[in-house]
Amino acid sequence: MVDTARYAALRQGSRRRVELVESKIGLYEAIASLSDRHYDVVLLTFLIGLETAQVAQLMGIEPGTVRSHLYTARRKLADKIQLDWTPGEEKDL
C-alpha cells in the first residue's frame, strides 16, 4: 500500500512537471494526457530509461503487458501530435 501511494504521488508530480515543459509539436502535453498506465510505461521507459523487465517489475505486470502499453501509447502519441508512425520502424534507428 505504501509503495502504491508513493508511486501514485510520483506519477502525479511528474505529470505536472511534464505538463509545464513546452514543445512545438506538443509531445510533452500529449504524454501528460495519456492514461495512467500508458503514461507510466512511457515515463519509466523513455524518460527514466528503464528496461522493459524493470518497468514490469516496478509496475507488477508482465513484460508483454509493458510492451503492449508502449505500443498503444506510441500509437496514441503519434495520433495526438499528427505523426505518421509505423509500428516497428523504431528498430531501424
**Prompt:** What is the distance from atom NZ of K76 to atom NE2 of H69, rounded to the nearest 0.5 Å?
**Reply:** 10.5 Å
Report, one line per pair, each donor and acceptor closer than 3.5 Å where one atom sits in a side chain of residues 45-62; sequence neighbours left out.
residue, atom, partner, partner atom, Å
T45, OG1, V41, O, 2.8
Q54, OE1, E51, N, 2.8

**Prompt:** Rounded to the nearest 0.5 Å, what separation is found between the CG atom of L77 and the CG atom of L34?
**Reply:** 4.5 Å
**Message:** Working to the nearest 0.5 angstrom, can you tell me the gap between S68 OG and H38 NE2?
**Reply:** 6.5 Å
